[in-house]
Protein chains: 2
Amino acid sequence: MLRLSKKADYALMAMKHLAQKSGTSSTSAREIAEQYDIPIELMAKVLQRLVRIGLLVSTQGTRGGYTLGRQANRISVVDVIEAIDGPITVTACSTKKIDCEQFSKCSIRDPLWQIRERIAAALGTVTIAEMAVEPVPSREPVSRAAVLHNART
Amino acid sequence: MLRLSKKADYALMAMKHLAQKSGTSSTSAREIAEQYDIPIELMAKVLQRLVRIGLLVSTQGTRGGYTLGRQANRISVVDVIEAIDGPITVTACSTKKIDCEQFSKCSIRDPLWQIRERIAAALGTVTIAEMAVEPVPSREPVSRAAVLHNART
DNA sequence: GTAAACTACGACAACTGCAGTCGGATTTAG
DNA sequence: CTAAATCCGACTGCAGTTGTCGTAGTTTAC
């Protein structure tokens with residue numbers, strides 16, 4: 001396990017997409033959703049949550065859409081994940097130090113808490129900007145990257 | 001999210017417990033289960049899986065039970081988690097490099113793969129032995145630790 | 001040699017949370 | 001005013017996890 005939800009996946013895709021389009025006018029939920037085969041209304045819901053947290057800025061109305069709320073290099077992966085899925089918790093009972101009183105016998109809270117910190121730190125050091133950089137096709141032959149190019153101009 | 005399953009929790013508790021009791025004769029599933037309020041049969045199932053992987057050794061019969069399969073400092077947290085929940089996968093489609101062909105549009109596989117590696121590395125550096133060390137009450141006042149002491153003699 | 005205590009295993013029921021859908025309200029450009 | 005967007009909450013269906021049960025096999029104690 002240790003898997004993140006699809007919504008979080010979608011959120012990361014959208015953030016990366018918007019990061020690569022920064023500078024352009026805002027992008028609609030529909031446009032992003034269609035490009036990645038995501039149900040439009042689900043994509044919209046995800047984006048709205050990102051707005052509420054402040055990671056995105058929305059403009060309503062006909063030509064509306066979404067834009068990054070701050071610079072891509074100031075948004076970390078953990079920001080996005082926690083915006084969607086809530087704070088990262090390795091165990092069921094951990095958000096607060098005073099978790100399940102019943103499980104005072106738990107005995108592994110402290111070690112797991114440390115682990116949580118390490119994971120959060122790992123996620124915190126990766127920014128959306130880094131994700132948005134096209135991976136220089138150093139190892140892979142160019143073929144795959146070329147196919148994926150969606151330069152629609 | 002990014003939460004690990006309860007079975008994995010139980011497994012870690014059991015491993016820690018056994019690590020602290022290493023040297024003693026084997027410990028039964030019932031004994032561990034009762035101490036942590038875990039359903040006995042579920043605990044047994046978890047322990048059996050750990051045996052199959054080789055992290056534990058079992059002895060059958062009346063005075064039977066479980067013992068660590070190797071030294072506690074040679075068992076990492078990631079070993080235990082993967083024994084129970086299978087390989088750590090941050091995304092739904094990631095185990096193989098060739099994941100969902102349909103999602104060739106995914107665009108975040110590579111970044112997430114790197115993140116997965118980091119998480120796995122973080123979990124790999126923590127051993128059961130480290131978890132089993134009683135946390136020296138350096139910061140916390142002794143009170144809490146004292147309460148939790150279950151020296152039943 | 002029989003009963004008790006334990007591991008071993010698989011199949012099944014119950015529950016929980018996520019994924020996705022629907023309906024409706026609000027805003028804005030043309 | 002209409003079309004195209006964002007916004008928001010509530011609802012359903014599905015899937016995976018949790019937990020239970022029954023049964024078989026093994027070792028020890030008496």
Side-chain angles (χ1 to χ4, degrees), chain A residues 1-11 13-14 18 25-34 36-67 69 81 83-86 89-93 100 103, chain B residues 1-11 13-14 18 25-34 36-67 69 81 83-87 89-93 100 102-103:
Chain A
M1 272 290 113
L2 272 174
R3 188 168 302 163
L4 42 82
S5 72
K6 275 196 180 180
K7 287 181 195 171
D9 279 354
Y10 297 159
M13 292 190 217
L18 289 172
S25 60
S26 61
T27 310
S28 73
R30 160 166 283 118
E31 186 180 332
I32 305 178
E34 284 179 350
Y36 302 106
D37 269 343
I38 302 171
I40 307 173
E41 317 191 339
L42 187 51
M43 178 85 271
K45 210 196 292 187
V46 168
L47 293 171
Q48 283 158 27
R49 253 196 257 182
L50 292 174
V51 169
R52 237 179 289 177
I53 302 286
L55 294 180
L56 292 183
V57 170
S58 68
T59 62
Q60 291 193 336
T62 312
R63 292 278 171 92
Y66 299 89
T67 316
I81 293 175
I84 300 298
D85 288 342
T89 57
V90 173
T91 62
C93 57
C100 10
F103 279 14
Chain B
M1 269 291 114
L2 271 174
R3 186 169 303 161
L4 43 82
S5 71
K6 273 195 179 177
K7 286 182 194 170
D9 279 355
Y10 296 159
M13 291 191 218
L18 289 173
S25 59
S26 62
T27 309
S28 74
R30 158 166 286 119
E31 185 181 331
I32 304 178
E34 284 179 349
Y36 303 106
D37 268 342
I38 301 172
I40 306 174
E41 317 193 339
L42 186 51
M43 179 84 270
K45 214 196 289 188
V46 168
L47 292 171
Q48 282 158 27
R49 251 197 258 183
L50 294 174
V51 169
R52 239 180 286 176
I53 302 286
L55 294 179
L56 292 183
V57 170
S58 68
T59 61
Q60 292 194 333
T62 311
R63 292 277 170 90
Y66 300 88
T67 317
I81 294 175
I84 300 298
D85 287 343
T89 58
V90 172
T91 63
C93 57
C100 8
Q102 323 160 355
F103 279 15

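Below, chains carry the letters A, B, ... as their sequence lines are ordered, and counting in each starts from 1.
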Query raised in the report: Which heavy-atom pair separates Ile53(A) from Ala83(A) by the least distance, and what is that distance?
Result: CG1-CB, 3.7 Å
Query - Point-to-point distance, once rounded to the nearest 0.5 Å, from NZ of Lys45(B) to NZ of Lys7(B) - result: 5.0 Å
**Report entry** Terminal helix-axis angle for the helix from dG1(C)-dC30(D) to dG30(C)-dC1(D), with five pairs defining each axis and rounding to 10 degrees
**Finding:** 10°
Query raised in the report: With Glu31(B), which residues qualify under side chain to side chain donor-acceptor pair (under 3.5 Å), at least two apart?
Result: Lys21(B)
Report task. Could you encode protein contacts along nucleotides 25-30 of chain C as a string, one character per nucleotide from 5' to 3', using B for base contact, S for sugar-phosphate-only contact and - for no contact, with a heavy-atom cut-off of under 4.0 Å? Result -> --BBBS
Report task. Kindly indicate, with the supporting measurements, whether the criterion side-chain contact (heavy atoms from CB on, under 4.5 Å) is fulfilled by Ile32(B) and Thr27(B). Result -> CA-CA 7 Å; Ile32(B) 304 178; Thr27(B) 309; 3.8 Å; yes
Requested in this report: Indicate, with a heavy-atom threshold strictly under 4.0 Å, whether Arg3(A) touches base, sugar-phosphate, or nothing.
Outcome: nothing
Query - 5' priority, DNA chain C, between Ala8(A) and Ser58(B) [closest heavy atom] - result: Ser58(B)
Requested in this report: Measure across Ile84(A) and Arg49(A) and return the closest heavy-atom pair with its distance rounded to 0.1 Å.
Outcome: O-NH1, 2.7 Å
**Report entry** Distance in Å, Ile38(A) CD1 paired with Lys6(A) NZ, rounded so as to fall on 0.5 Å steps
**Finding:** 10.0 Å
Report task. Determine the minimum heavy-atom distance between Gln48(B) and Tyr66(B), stating which atoms define it. Result -> CG-OH, 3.8 Å
Query raised in the report: Are Tyr66(B) and dC6(C) close enough that a side-chain N or O sits under 4.0 Å from OP1 or OP2?
Result: no
Report task. Ignoring hydrogens and angles, tell me if any N or O in the side chain of Thr59(A) forms a donor-acceptor pair with the backbone of Gly65(A) under 3.5 Å. Result -> yes
Report task. For Arg30(A), check salt bridge (charged side-chain N to carboxylate O under 4.0 Å, His left out) against everything at least two apart and list the hits. Result -> Glu34(A)
Report summary line: note: Ile38(A), atom CD1; dG20(C), atom C1'; distance rounded to Å ~ 13 Å
**Report entry** Gap between atoms NZ and P, on Lys6(B) and dC15(C) respectively (whole Å)
**Finding:** 14 Å
Report task. Would you indicate whether the side-chain heavy atoms of Leu56(B) and Leu47(B) approach each other to under 4.5 Å? Result -> yes
Query - Closest non-hydrogen atom pair between Tyr10(B) and Met43(B), with its separation - result: O-CE, 3.8 Å
Query raised in the report: What's the shortest heavy-atom distance between Thr67(A) and Ser26(A), and which atoms?
Result: OG1-CB, 3.5 Å
Query - Over all atoms of both residues, closest heavy-atom pair of Thr91(B) and Arg3(A) - result: O-NE, 3.5 Å
Query - 5' to 3' contact window, DNA chain D with chain A (heavy-atom distance under 4.0 Å) - result: dA3(D) to dT17(D)
Requested in this report: Enumerate the residues from residues 40-51 of chain B whose closest heavy atom to DNA chain D is under 4.0 Å, giving them by residue number; use none for an empty result.
Outcome: Glu41(B), Leu42(B), Lys45(B)
